[in-house]
Amino acid sequence: MKADIGLIGLAVMGQNLALNIARKGYSVAVYNRTAERTKKFVDDRVKSEKIIPTYSIEDFVDSLEKPRKIVLMVKAGQPVDDMIDELLPHLERGDLIIDGGNSHYADTDRRIRELEKEGILYLGMGVSGGEYGALHGPSLMPGGTKQAYQLVEKILLDIAAKTENGPCCTYVGDGSAGHFVKMVHNGIEYSIMQSIAEVYDVMRKALKLSSEQIGEIFEDWNRGELSSFLMEISFKIMNWKDEETSKPLVELILDKAEQKGTGKWSTQVALDLGVPAFSMAASVFARVVSYYKEERQKLSKRYEPAVKRDGSVEVEELRRALSLAYFLSYSQGIWLIHEASKSFNYGVDLLEVLRIWKGGCIIRSKMLDFLRSLLKNSPENVTFLDDEEARKFVEERLPSAIKVSNFARSCGIATPALNACLDYLFSLISENLPANLIQAQRDFFGAHTFQRIDRPGTFHVEWQTLE
Ligand code: 6PG
């Protein structure tokens, strides 16, 4: 009996995905570079599931039904290339490799091209939902050729999270579309996480609320329009007590945020494609600056800024500000995917993306239904802003968001993501921006030319005498 599918890489995500597939009735051959981990996995976690442990690449490949379908759950970057190199001599034309890691989309495009020459099919598949999602139903974002997708469509639909709108998996598009969409998913994730963290900061520092009180508020918010996975885990985190000290654990965690790169890549490609992803960038920088703990400690002793707290904010105003930040974070992300889809010919269906983000993934939220309704009304409205319902939504929350930003400033609290969301919005809804002055400056020192609002053409002025 040959296995229906194979999986390489038995870190927690790989183990859980293998178990998920097996629990849907498929037989899964597994392989890990270090044999001990495979043994331990089988001993500790495999019960009646049809999981076949293998201890060499040859045995692994041999144990698979043809055309072979192989999921890689290894660390993004060089390990993926190394594994492909190891596999390649044992594969045959028509076999399929699926990379389920957070690979950079350009790597995925390169791998597709290289493997095409060998007749090997390749899917770059975003997998979201962390360890829990991998086991109980992730959101899956596969991209590559349709032919490759069709080979595993049934398995993927079976293992994906389910919502009332169907399984959270769809064929995302050509080439690296799957990994691109997952990368932007993470850019949105960064922006929403940072926005929640900033609201938390205002609550604890300015409103002097305890972690438990903030937990109660977050729990309440999670029942309304902010209902989302990130809100849910945030209230659970607030209520979590450290066993040894009985203090809320969150208060004992060092404030240095790590990152694996997907938020940074989203920001980089937003710059390349010319999408103003203000709050994605701000959220990456917020993580970067958090890392300078020693410098911050030193400088915080030197400075005592003459901030004069200006009034206060209501919890309801914080809720509205955060709600607007959610909306605008999705707006930047969907716009970015739209531009990439045009530039890279991905053929992404944005409505489908919003649908498969509804379950399993880290950025699942109630708001996605509202966003889908906006996009359904007008498929060109990729920022969501160009709509009467959206205008009402934004304008109802905007005064609170402005008040929260101003208030935080007046207390000396940094709220980079919330501010960046507002700047993104204000920039987009301003007919006039001061770019006229930028153009004049460029023309002044570099003869870069400018256009005029009162007549067509390209102009240059001799702003200075050169002799
Ligand atoms: C997911 C997550 C996941 C990601 C982590 C860590 O959708 O399940 O996005 O894929 O690896 O969130 O990312 P950072 O280390 O960059 O925070």
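Whatever order the structure lists ligands and atoms in, that order sets their numbers, starting from 1.
Every atom of ligand 1 with a heavy atom of N102 under 4.0 Å away is listed here by number and element: 3 (C), 4 (C), 10 (O), 11 (O). Every atom of ligand 1 is numbered from 1 in the order shown, and the set under 4.0 Å from a heavy atom of Y190 is 14 (P), 16 (O), 17 (O). Those atoms of ligand 1 with a heavy atom of H185 less than 4.0 angstrom away are 7 (O). Per-residue contacts place N186 under 4.0 angstrom from the following atoms of ligand 1 (heavy atoms of the residue considered): 4 (C), 7 (O), 9 (O).
Considering only non-hydrogen protein atoms, atom 7 (O) of ligand 1 sits nearest to S128 OG, 2.4 Å. Atom 10 (O) of ligand 1 has K182 NZ, 2.7 Å as its closest protein atom, hydrogens excluded (heavy atom only).
Residue-to-ligand polar distances place K260 within reach of ligand 1: an N/O pair is separated by less than 3.5 Å. The distance criterion of under 3.5 Å between nitrogen or oxygen atoms is not met by E258 with respect to ligand 1. Remark: ligand 1 and I362 share no N or O pair separated by less than 3.5 Å (distance only, no angle test).
Of all the listed residues (Q259, K264, E189, R287), R287 holds the heavy atom that lies closest to atom 17 (O) of ligand 1.
For the pair K39 and Y55, the cation-pi criterion (under 6.0 Å, within 45° of the ring axis) is fulfilled. Seen from the ring of Y190, R287 counts as a face-on cation partner, given the 6.0 Å and 45° thresholds.
Ring geometry, W335 versus Y424: the interplanar angle falls from 30° to 60°, so the pair is classed tilted.
Salt-bridge check for D4 with K69: failed, with every basic side-chain N at 4.0 Å or more from each acidic carboxylate O. At a threshold of 4.0 Å, the pair K40-D43 does not count as salt-bridged, since none of the basic side-chain nitrogens sits closer than that to a carboxylate oxygen. Between D369 and K366, none of the side-chain N atoms (NZ, or NE/NH1/NH2) sits under 4.0 Å from a carboxylate O, so this pair counts as no salt bridge.
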Q: Go through the steps for R113 and D109 under the test salt bridge (charged side-chain N to carboxylate O under 4.0 Å, His left out), then give the verdict.
A: CA-CA 6 Å; R113 275 196 310 274; D109 278 322; 5.6 Å; no
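Ligand 1 lies nowhere less than 4.0 angstrom from a heavy atom belonging to G263. Note on ligand 1: G129 sits in its first shell, one or more heavy atoms being nearer than 4.0 Å.
With a 4.5 Å cut-off on side-chain heavy atoms, Y200 and F218 count as touching.
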